[in-house]
Amino acid sequence: MNRRELIATATAVTGGALTLPTGATGATRASGRLRLGMIGVGMRGRVLLRELVRRDDVEVVGLCDIEAFTLNEALTQFTEAGRPTPRLYTGSNEAWREMLATADLDGVIIATPWELHAPMAIGAMRARVAVACEVVAGITMDDHWRVLRTQQETGTPYMLLENVCFRRDVMAVLNMVRQGVFGEMIHLEGGYQHDLREVKFNAGIPGEAYGGGVEFGRSGWSEARWRTQHSVDRNGDLYPSHGIGPCAMWANINRGNRFTHLTSYASKARGLHNHVVAKGGPDHPNARVDFRLGDVVQTMIGCENGETVLLSHDTNLPRPYSLGFRVQGEKGLWMDVNKSIYVEGQSPRAHRWEEAQAWLDRYDHPLWKAHAAEAEGAGHGGMDFFVIHAFIEALKAGAPMPIDIYDAVTWSAITPLSEASIAAGNRTVDFPDFTEGSWRDRTSIFAPV
């Protein structure tokens with residue numbers, strides 16, 4: 001029995017809580033290294049690849065992409081790191097299937113356009129290759145159920161690569177929540193508030209991903225080639241996991257708590273049209289495109305234990321970047337927008353904010369204390385080191401994934417649920433229980449202290 005079969009068998013027996021037999025170790029190959037492949041080596045993929053090629057416990061043996069430019073850019077990382085050149089899989093939209101079938105992989109990183117995540121993850125899990133999937137898990141509700149059922153049937157490990165859960169202040173606040181600093185949780189907020197106009201449009205020049213024009217689709221490059229079309233076709237919270245991931249961890253979602261229902265509202269859409277007109281002129285063909293995505297989408301989510309969560313999506317208007325976190329309990333609250341905190345009876349002045357940094361330092365999470373030096377220089381302020389590290393260490397140990405299949409489908413399903421709510425005139429929709437009742441007994445495993 002090879003390592004992938006061992007992992008799948010152990011997971012199937014334990015119903016998703018992966019436990020290797022006594023005496024079994026992590027990587028069992030003679031090299032002691034995990035053999036990993038990567039599907040998608042665009043800009044996001046190469047940031048994650050940088051974390052892989054600098055690890056001694058990983059061998060990247062396969063890269064798959066349909067673009068020669070991105071593959072060549074990726075290969076420079078191996079040359080610079082003095083690592084062996086991986087085999088390339090390209091030339092077809094189905095080349096990833098060949099890699100899964102022939103590369104003898106322990107795991108695969110999926111960093112492709114959103115609509116490809118579900119079929120690629122399903123294909124990998126059926127091939128008994130562990131999955132580390134970039135957000136989101138799927139597009140439609142059916143996607144989410146198919147990804148979940150495949151994981152349950154095959155027992156193949158699946159982790160969603162939501163890096164914001166590993167942000168240093170987010171983890172310090174998680175530590176504070178668990179130690180009762182804020183008391184019982186009452187209300188949480190988060191979101192994705194990021195001006196993406198020059199991500200959604202560019203000049204279509206390979207290697208120049210940001211701005212320079214107002215092209216998208218086949219005329220665009222990088223994310224403008226695929227991401228912008230979602231803003232044309234869809235109206236909902238298209239990118240929920242950066243905001244909801246930390247909120248779900250703070251509220252113990254799927255582990256003693258669950259989301260029960262949501263209601264979404266979308267504003268009118270002006271930002272993308274105005275950007276095209278301003279940068280490309282009123283006669284540019286894209287000035288006639290009808291963008292469905294509301295400029296500001298807000299979703300209110302109810303929880304089984306009585307908490308409320310407000311999620312915001314705001315990517316089409318001029319604004320500074322912010323995820324807009326707010327953690328509010330019986331005793332006080334933290335907000336990242338003003339970098340402030342207030343804890344009744346402990347803050348220096350009643351009803352007055354104090355700067356949060358001293359609290360964040362005091363409750364700095366042990367993971368950051370242990371690995372801050374290793375995370376230095378990693379993407380997104382070190383978060384990308386932690387999310388890759390978490391996947392690899394869990395896979396080596398045969399341990400449950402810290403952001404698992406239930407987290408993945410729950411967080412990602414907010415998108416089609418919000419679309420359904422908005423399309424039905426802001427109707428409240430029920431939130432499916434993907435755990436089918438097991439949320440009552442599941443315990444928290446993310447970033448234990």
Side-chain angles (χ1 to χ4, degrees), residues 40-50 65-74 76-77 111-116 134-136 163-164 191-243 266-297 312-324 337 377-381 383-384:
V41 288
M43 294 185 67
R44 180 59 184 152
R46 295 198 300 277
V47 169
L48 297 175
L49 181 62
R50 189 167 66 226
D65 204 295
I66 60 173
E67 296 285 352
F69 178 90
T70 58
L71 285 169
N72 289 334
E73 289 290 301
T76 63
Q77 296 191 26
T112 55
W114 298 337
E115 56 269 23
L116 302 178
E134 260 298 338
V135 298
V136 295
N163 61 357
V164 177
Y192 190 57
Q193 301 175 126
H194 188 185
D195 182 354
L196 295 182
R197 292 173 299 169
E198 295 206 343
V199 172
K200 295 183 180 185
F201 299 101
N202 57 38
I205 300 171
E208 298 182 18
Y210 303 127
V214 290
E215 305 302 327
F216 74 95
R218 292 188 177 184
S219 299
W221 176 253
S222 191
E223 289 178 74
R225 180 165 290 182
W226 59 268
R227 185 170 187 166
T228 316
Q229 191 63 40
H230 289 276
S231 299
V232 177
D233 297 335
R234 308 169 70 192
N235 191 14
D237 189 325
L238 301 187
Y239 203 63
S241 67
H242 281 351
S267 74
K268 56 190 173 185
R270 296 291 185 270
L272 298 184
H273 171 79
N274 291 347
H275 181 77
V276 171
V277 171
K279 300 292 185 179
D283 296 325
H284 192 283
N286 288 339
R288 296 190 293 273
V289 174
D290 180 18
F291 296 98
R292 291 188 62 200
L293 177 64
D295 289 340
V296 177
V297 177
S312 299
H313 182 270
D314 174 357
T315 63
N316 298 342
L317 297 170
R319 61 160 301 127
Y321 174 86
S322 171
L323 298 186
V337 173
H380 294 91
M383 295 187 296
D384 290 329

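Residue numbers start at 1 and run along the sequence shown.
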Measure across [X] and [Y] and return the closest heavy-atom pair with its distance rounded to 0.1 Å.
{"X": "A287", "Y": "P282", "answer": "CB-O, 3.5 Å"}
{"X": "S241", "Y": "V135", "answer": "OG-CG1, 3.0 Å"}
{"X": "G45", "Y": "A111", "answer": "CA-CB, 3.8 Å"}
{"X": "A74", "Y": "L49", "answer": "CB-CD2, 3.8 Å"}
{"X": "A224", "Y": "G220", "answer": "CB-CA, 4.4 Å"}
{"X": "A203", "Y": "G212", "answer": "CB-O, 3.5 Å"}

Reported [atom1]-to-[atom2] distance for the pair [X] and [Y], which is rounded to 0.5 angstrom:
{"X": "Y321", "Y": "D314", "atom1": "OH", "atom2": "CG", "result": "12.5 Å"}
{"X": "N202", "Y": "K279", "atom1": "CG", "atom2": "NZ", "result": "13.0 Å"}
{"X": "F216", "Y": "R225", "atom1": "CZ", "atom2": "CZ", "result": "13.0 Å"}
{"X": "L196", "Y": "R227", "atom1": "CG", "atom2": "CZ", "result": "5.0 Å"}
{"X": "R44", "Y": "H380", "atom1": "CZ", "atom2": "NE2", "result": "5.0 Å"}
{"X": "R197", "Y": "R319", "atom1": "CZ", "atom2": "CZ", "result": "11.5 Å"}

With a 3.5 Å distance limit and no angle check, can you tell me whether [X] reaches the backbone of [Y] through a side-chain donor-acceptor pair?
{"X": "E198", "Y": "Y210", "answer": "no"}
{"X": "S267", "Y": "D295", "answer": "yes"}
{"X": "N286", "Y": "V276", "answer": "no"}
{"X": "Q77", "Y": "R46", "answer": "yes"}
{"X": "H194", "Y": "S322", "answer": "no"}
{"X": "D384", "Y": "A378", "answer": "no"}

Heavy atoms, side chains only, cut-off 4.5 Å: are [X] and [Y] in contact?
{"X": "H313", "Y": "L293", "answer": "yes"}
{"X": "L272", "Y": "F201", "answer": "yes"}
{"X": "V214", "Y": "H275", "answer": "yes"}

Run through N316, D195, T228 and flag the one making a side-chain hydrogen bond (donor to acceptor under 3.5 Å, both in side chains) with K200.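 That would be N316; it is the only one of N316, D195, T228 passing the side-chain hydrogen bond (donor to acceptor under 3.5 Å, both in side chains) with K200.
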Could you go through the side-chain contact (heavy atoms from CB on, under 4.5 Å) check for N235 and V297 one step at a time? CA-CA 8 Å; N235 191 14; V297 177; 4.3 Å; yes
Mutual orientation of the aromatic rings belonging to W114 and H230 [parallel < 30°, tilted 30-60°, perpendicular > 60°]: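 Taking H230 first and then W114, their aromatic rings sit tilted (interplane angle of 30° to 60°).
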Check the orientation of F69 and W221. Use parallel for under 30°, tilted for 30 to 60°, and perpendicular for over 60°.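 Correct class here is perpendicular.
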Trace of the side-chain hydrogen bond (donor to acceptor under 3.5 Å, both in side chains) decision for Q193 with H242: CA-CA 10 Å; Q193 301 175 126; H242 281 351; over 6 Å; no
